[in-house]
Amino acid sequence: MTFDRRMVVAGMAGLAGSLAFPRIGQATPVSRGVVARHGRLQVRGNHIVGDHGRPVTLRGMSLFWSQWQGQYYNADAVRWLCSDWKIDVVRAAMGVDSGGYLANPAAELAKVEAVIDAAVANDIYVIVDWHAHQPYPEQAAAFFARIAGKYGALPNLIYEPYNEPLVEHGWADVLKPYHAAVLTAIRRVDRRNLVVAGTRSWSQDVDEAAADPLADPNLAYTLHFYAATHKQALQDKAAAAMAKGAALFVTEYGTTRADGDGVIDATQTGIWWDFLEQHHIGYVNWSVADKAELSAALKPGADPRGKWGEAMLTSSGKLVRKRLRTMA
């Protein structure tokens, strides 16, 4: 999501082995679901595949900035998204700036861990997202080392170490060193789970990253789009990145303009969905929030614990929910 709508002031346990079950004290899956079907995700060529070796296309929802919409970071909301919306993956967008993790680390960490535990309990994947526009390599490395130490043995986990770098954050001089530092912290503990690396220009310059890739065998690159703003030109960049051998994951997309408002472009959203399905690229919608903007899935006042009827869904929420249920 673009900088102008984010309200953001720019500014270990032992090595995880092959265990596929929760550790003591963590939630136990209540049923066999998407993770049981696909197992631990791996990058093979320009695809993300499961243990079976076939491409896996995950479809799901992103929560909003944790410090502003933290009421939805709970087990009941995640359970409802699984049972009613039929999601395969949920994204915990942990806000870093503006009253987020840097100011209140314990509170924001607790929100993220509640979502991880709920994802494990429902046997879906969970993206742990360092939701920032500015680089904080030391803080991010320490955070992800902690997450990896507690949850890295589980196949549910997907790391997203940098949500949306800005245009001025060069790939070679800023972003590659940043990702290398965070990857080192993660891989000391967890060598096996998928990492999705943010790219320059609000995670759109995937072709640039693919031309100068990070040296990690299980890494994809982040692509973000908002359908009413980003059209064929961004799909061309995605195609160029894949042609260079990069795997992609759309950890955030919207049905609206990049500012979250303006208009819902259902036609272009459908074009994007077709493109992503054709290329086996996972996609996660922004966002589970009741904020008064068109990209929010919920109307103001929607119950923090789910059970949202049609009357509590926005036009975007209805469109995305229908898609998710159709693809389940």
Side-chain angles (χ1 to χ4, degrees), residues 16-22 29-62 81-83 85-91 116 119-129 151-160 186-187 190-197 206-207 209-210 213-225 235 238-253 270-285 320 323-328:
S18 59
L19 296 176
F21 299 98
V30 296
S31 64
R32 292 178 61 81
V34 62
V35 178
R37 292 198 305 273
H38 300 308
R40 200 178 301 272
L41 301 174
Q42 303 293 315
V43 171
R44 183 172 298 173
N46 60 3
H47 289 129
I48 296 169
V49 305
D51 283 342
H52 43 61
R54 299 185 299 275
V56 174
T57 305
L58 298 180
R59 309 169 190 92
M61 293 298 298
S62 176
L81 288 166
C82 293
S83 64
W85 290 53
K86 309 300 182 184
I87 65 169
D88 299 324
V89 58
V90 64
R91 180 178 184 241
I116 297 172
V120 173
N122 289 277
D123 204 30
I124 65 168
Y125 294 96
V126 55
I127 301 170
V128 177
D129 164 37
Y151 296 102
L154 302 173
N156 309 68
L157 195 62
I158 300 170
Y159 304 96
E160 185 179 4
I186 292 171
R187 295 308 188 208
D190 178 2
R191 294 178 181 171
R192 302 182 62 196
N193 278 318
L194 178 66
V195 176
V196 185
V206 288
D207 52 338
L214 289 155
D216 188 282
N218 198 26
L219 182 136
Y221 294 97
T222 309
L223 176 68
H224 288 177
F225 73 87
Q235 290 186 13
M242 289 184 288
K244 292 180 173 70
L248 305 179
F249 198 133
V250 175
T251 60
E252 180 180 317
Y253 78 91
I271 291 171
W272 268 106
W273 283 338
D274 290 345
F275 175 85
L276 299 172
E277 291 290 338
Q278 177 188 351
H279 295 287
H280 306 290
I281 300 171
Y283 49 102
V284 180
N285 179 250
V320 174
R323 172 69 177 189
L324 289 164
R325 289 172 63 87
T326 298
M327 300 303 294

Could you check whether any side-chain heavy atom of [X] comes within less than 4.5 Å of a side-chain heavy atom of [Y], counting everything from C-beta outward?
| X | Y | answer |
| --- | --- | --- |
| Asp129 | Thr251 | no |
| Ile127 | Val196 | no |
| His38 | Asp88 | no |
| Thr57 | Met327 | no |
| Ile87 | Leu324 | yes |
| Arg59 | Glu277 | yes |
| Leu41 | Leu58 | yes |
| Val284 | Phe249 | yes |

> Given the rule in the side-chain contact (heavy atoms from CB on, under 4.5 Å) test, do Val43 and Leu194 qualify, once you have shown the distances and angles that lead to the verdict?
Replying inline: CA-CA 8 Å; Val43 171; Leu194 178 66; 3.6 Å; yes
> Arg187 and Arg191: which non-hydrogen atoms are nearest, and at how many Å?
Replying inline: O-CG, 3.5 Å
> How far apart are the closest heavy atoms of Pro155 and Gly39, and which atoms are they?
Replying inline: CB-C, 4.1 Å
>> Evaluate Val56 against Val34 for side-chain contact (heavy atoms from CB on, under 4.5 Å), listing each step before the verdict.
In response: CA-CA 10 Å; Val56 174; Val34 62; 5.8 Å; no
> Can you name the salt bridge (Lys or Arg N to Asp or Glu O under 4.0 Å) partners of Arg44, sequence neighbours left out?
Replying inline: none
So, [X] side chain and [Y] main chain: donor-acceptor pair closer than 3.5 Å or not?
| X | Y | result |
| --- | --- | --- |
| Asn156 | Val35 | no |
| His279 | Ile281 | no |
| Asn285 | Tyr253 | yes |
| Gln235 | Leu276 | no |

> Looking at the rings of Trp272 and Phe225, which for Trp means the six-membered one, are their centres under 6.0 Å apart?
Replying inline: yes
>> Could you work out, with ring pair (Phe, Tyr, Trp, His ring centres under 6.0 Å) as the rule, every residue matching Tyr159, not counting sequence neighbours?
In response: none
>> Which residue is it: Asp51, Asn193, Asn218? I am looking for the one with a side chain to side chain donor-acceptor pair (under 3.5 Å) to Arg40.
In response: Asn193
